[in-house]
Amino acid sequence: MDRIPTVDLSPFLNCNEVDSDDDQLLAQRKKIKEVINEACSEFGFFQILNHGVPTSLMRQTLDLSKTFFNYPDEEKLKCSRAPFAVGYNRQASPHSGQNEYLLFSPRFGFDGIYPDTPAGFREVSEEIFSHLTKTGLVVERILNECLNLPPNFLHEYNPDRNHDAMIHRRYQPATDTENNGLYSHQDANCFTFVVQDNVGGLEVLKDDIWIPVLPSEGCIIVNIGDVLQVLSNNRYKSATHRVVRPTAAQQSRHSIIYFYGLEGDKWVEPLPQFTKTIDEKPKYKGFYYKDYTALRMKNIQLQGSRSEDVIRITHYALPD
Ligand SMILES: O=C(O)CCC(=O)C(=O)O
Ligand SMILES: [Fe+2]
């Protein structure tokens with residue numbers, strides 16, 4: 001596999017029964033799971049089509065997001081809840097990359113985060129959030145099957161969607177000397193969805209080569225995060241990725257990112273299915289998710305957000 005694959009999720013959506021006995025459907029699902037399994041092991045990235053989120057809604061959300069980011073700073077800053085992560089914020093260091101964003105999580109509610117204008121921004125954002133939540137549940141179920149975990153295992157481990165978050169991001173064009181949009185990183189959560197516009201710039205690292213994740217209308221990008229890498233004892237890869245800002249002057253890039261999260265009190269460690277049961281050593285010691293996210297945040301703030309300073313999952317790695 002040398003390209004990030006795209007899979008059609010309709011065989012998992014167009015049928016309500018999880019346990020169908022339609023042979024043709026089961027064969028289609030099996031094939032899709034094989035592709036996803038390989039993509040998660042090799043890249044930690046894949047793309048999905050026919051995922052249940054209408055393309056028109058994706059386009060509309062990106063358009064409204066663009067209108068919002070084009071507002072003058074004083075308008076946008078009204079949505080700031082600094083020092084909290086929710087609301088409007090900017091990342092503006094050559095180390096961490098340059099982008100501005102609006103972050104929402106159901107824990108904090110939509111009130112006071114979304115501006116009244118552009119009209120419909122809040123409603124459309126709520127609508128895409130709820131679609132992405134549903135798609136997340138489908139993808140979670142598929143990953144559960146790909147990893148051969150007991151039925152519903154991941155869902156029972158992680159049932160609370162209040163810990164998910166969604167970000168609208170804008171990346172302005174690169175300058176002559178600087179094009180870092182978002183530094184090389186791995187996501188800490190379970191998995192992430194990215195809806196990108198047609199500008200491009202997201203890249204994934206594989207075998208020391210940065211591979212562009214090319215825009216494709218209607219597609220949603222899925223990337224595996226640290227939690228699944230740890231649970232699966234490195235079967236699945238938490239992909240290293242970054243965003244390079246557009247080179248064309250006047251052209252900004254917009255994306256919507258949905259983090260399928262995890263409650264802070266959850267204990268994260270390699271599952272017995274990938275260790276004891278198969279006689280393999282755990283590659284990580286266990287930790288509370290909130291401790292890991294707090295360490296990441298602290299380090300980001302202390303060290304001026306250089307990619308190499310951020311605490312990564314290797315912090316919990318055990319020697320071979
Ligand atoms: O904007 C993107 O395409 C990706 C953003 C990302 O990787 C993140 O927010 O963690
Ligand atoms: Fe990311």
Asp73 side, atom CG; Arg90 side, atom CZ - distance, nearest 0.5 Å
4.0 Å

Approximate separation, where rounding is to 0.5 Å, of Ser10 OG and Ile48 CD1:
11.5 Å

Do Tyr183 and Val244 share a hydrophobic cluster (ILVMFWY, side-chain heavy atoms under 4.5 Å, transitive)?
no

Let me know which of Tyr114, Phe259, Phe104, Phe193 forms a ring-ring contact (aromatic ring centres under 6.0 Å, His included) with Phe129.
Phe104

Side-chain donor-acceptor contact under 3.5 Å, Asn37 with Tyr236
yes

When you check the side-chain N and O atoms of Asn189 and His163, is any donor under 3.5 Å from an acceptor?
no

Is the terminal nitrogen or CZ of Arg169 (NZ for Lys, CZ for Arg) located under 6.0 angstrom from the six-membered ring centre of Phe69 and within 45° of that ring's axis?
no

Cation-pi between Lys266 and Tyr289: NZ/CZ under 6.0 Å from ring centre and within 45° of the ring axis?
no

Could you pull out every donor-acceptor pair under 3.5 Å between side chains of residues 54-61 and any protein atom, sequence neighbours left out?
unit_1, atom_1, unit_2, atom_2, d
Arg59, NE, Glu217, OE2, 3.0
Arg59, NH2, Glu217, OE2, 2.6
Thr61, OG1, Leu57, O, 2.5

Answer whether the closest heavy-atom distance between the side chains of Tyr288 and Trp267 falls below 4.5 Å.
yes

Show me the pairs that pass side-chain hydrogen bond (donor to acceptor under 3.5 Å, both in side chains) and involve residues 75-84, at least two apart or across chains.
Glu75-Lys78, Lys76-Glu100

Determine whether more than 12 heavy atoms belonging to other residues, nucleotides or ligands lie under 6.0 Å from atom CG of Asp116.
no

Check the surroundings of atom CD in Glu178: do more than 12 heavy atoms from other residues, nucleotides or ligands lie under 6.0 Å from it?
yes

For Asn198, enumerate each residue passing the side-chain contact (heavy atoms from CB on, under 4.5 Å) test, keeping only those at least two apart in sequence or located in another chain.
none

With a 6.0 Å cut-off on ring centres, are Phe68 and His168 close enough?
no

